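These notes are about the structure you will find just below.
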Amino acid sequence: MVKFHKISVEQEDLQLKNVLQAGQAFRWIWEDKNDWYMTSMFITGYDKYGIIVLRQKDDGNFIEFGFQHPTWEFQKVEDHLKQYFRLEVDLTSHQDLWKATDPNFKDIPPQGIRILSQEPWETLISFICSSNNNISRITKMCHNLASHFGDDIGTFDDTTFYSFPTSEQLVERATEERLRELGFGYRAKYIIETAKLMLNDRETFNCTTDQDVLIQFAKISNYEKVREMLMRFTGVGPKVADCVCLMGLHLDEVVPVDVHVARFANRDYHIAASKTEIAEIRATYNKLNLPITKKKINPELDFIRTKLIEKWGPFAGWAQGILFSKEVGSVVGATTSGDIKKKKRTFKNEDNDLKSESLAKRALNAPKVEA
DNA sequence: TGGATCCCTTACCT
DNA sequence: AAGGTAAGGGATC
């Protein structure tokens, strides 16, 4: 069918099942008959998307990849995948360091949970879809975007694959009404408006692709400014912007703080901002002249973010990824037939500390639970 | 005193 | 229910 090539990597450095369907990437399809993962992917230097197949044995010290594309060269694909999985980052040595300095890492075995480096535009749109949402539905939405508004790039293993639509394609081919019909809900408007602004940004920043615009944000700016630029897009608040920074622009120390991270930050690290500290955060963003950040920021969650970075260092985002997986416990993903299949449980669920949970909810401005 | 800003709710799709 | 964000009103300065 396809020729497979090996990339050597230990199980503890990368486990496909823990990174491809755990809430970072939403367009990998797991095919249980062959036990492989498939998706369409864009590789820099080629104008068309191609199809990638990955598999990993439970005991081997390698992953295998195959591909389908008219002109892709094997070496370029391998280089791209190494970049996609950030294999130059020595995960286990970082985890050893966290284990030595953070008691919460003590009982966590290496499980190959890595942060991916994904196509930035797709990352932006995917995480706009993620608000108030679960993995299984986010997955469906992302596949819907590709199959309705992307290009047909061919069939593999009885499955048709599509490119992820560019801003231009979304503006030309999609409408808010159509997206609502497809089940995007209130996010329909966010996606259309974001695509329009991105198309506009291509002119403004003299770029030919969405990816180039977002990469340029990261090149010309520090983190605070990148986030400010990202939060110009409708539907993008601090959490979504941080996800794009971490998983789309490989800013490895960025810690996206969602309800789960806020929960364990309170419960396991006793992180809670004082009034003074909250005032300091506000003052900081005032001084930095970041009007959108100032408007959208939640100082309590931002406090958690900075404390966890202090704790974990330059790869804090990766540490967050590990604890996040532990906190969430199990994940779901789509198979070729569109059925939802429960993934093998990797961790036991922890008992919830109700007090910490209510603190986390309060930090997120969620309605208070009646006592 | 009119605005800016802060703070808190509520609505949002399925 | 769930990996947030936008919008709007009342209070404060």
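Naming convention: chains lettered A, B, ... in sequence-line order (proteins, then strands); numbering from 1 in each chain. In this text, all values refer to a predicted model and were calculated from it rather than measured experimentally.
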What is the distance from [atom1] of [X] to [atom2] of [N], rounded to the nearest Å?
X        : N      : atom1 : atom2 : value
A/Tyr186 : C/dG4  : OH    : P     : 8 Å
A/Arg137 : B/dC13 : CZ    : C1'   : 5 Å
A/Ile128 : C/dG3  : CD1   : P     : 19 Å
A/Asp242 : C/dG4  : CG    : P     : 13 Å
A/Arg232 : C/dA6  : CZ    : P     : 14 Å

I'd like to know if [X] pairs up with [Y] as an ion pair, taking the criterion as any Lys NZ or Arg NE/NH1/NH2 lying under 4.0 Å from an Asp or Glu carboxylate oxygen.
X        : Y        : answer
A/Glu176 : A/Lys189 : no
A/Asp151 : A/Arg173 : yes
A/Arg267 : A/Glu327 : yes
A/Arg227 : A/Asp302 : yes

Counting any heavy atom closer than 4.0 Å, what does [X] reach on the DNA or RNA strands: base, sugar-phosphate only, or nothing?
X        : result
A/Pro238 : sugar-phosphate
A/Val261 : nothing
A/Phe324 : base

Nearest to the side chain of [X], which nucleotide is it out of [options]?
X        : options              : result
A/Lys189 : C/dG4, C/dA7, B/dT14 : C/dA7
A/Arg180 : B/dC13, C/dG4, B/dC6 : B/dC13
A/Lys294 : B/dC6, B/dC13, C/dG3 : B/dC6

(request) Considering only atom P, compute the distance from C/dG3 to B/dT9 and round it to an integer number of Å. (result) 23 Å

(message) Anti or syn, where syn is a glycosidic angle within 90° of 0; which label fits C/dG3?
(response)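 Syn, since the glycosidic angle lies within 90° of 0.
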
(message) If you take the centroid of each ring, where Trp contributes its six-membered ring, are A/Phe184 and A/Tyr190 closer together than 6.0 Å?
(response) no

(request) Would you indicate, yes or no, if C/dT5 has its OP1 or OP2 atom less than 4.0 angstrom from a side-chain nitrogen or oxygen of A/Lys296? (result)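 Checking A/Lys296 against C/dT5: no side-chain N or O falls below 4.0 Å of OP1 or OP2.
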
(message) Suppose we call a contact any N or O donor and acceptor under 3.5 Å apart; does that hold for the side chain of A/Arg187 and the base of B/dC13?
(response) yes

(request) Measure distances between side-chain N and O atoms of A/Arg282 and base N and O atoms of B/dC6, and say whether any donor-acceptor pair falls under 3.5 Å. (result) no

(message) Under 3.5 Å for both donor-acceptor distances, Watson-Crick or wobble: does C/dG3 have a partner, and if so which one?
(response)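 Answer to the pairing question: none, since C/dG3 forms no Watson-Crick or G-U pair.
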
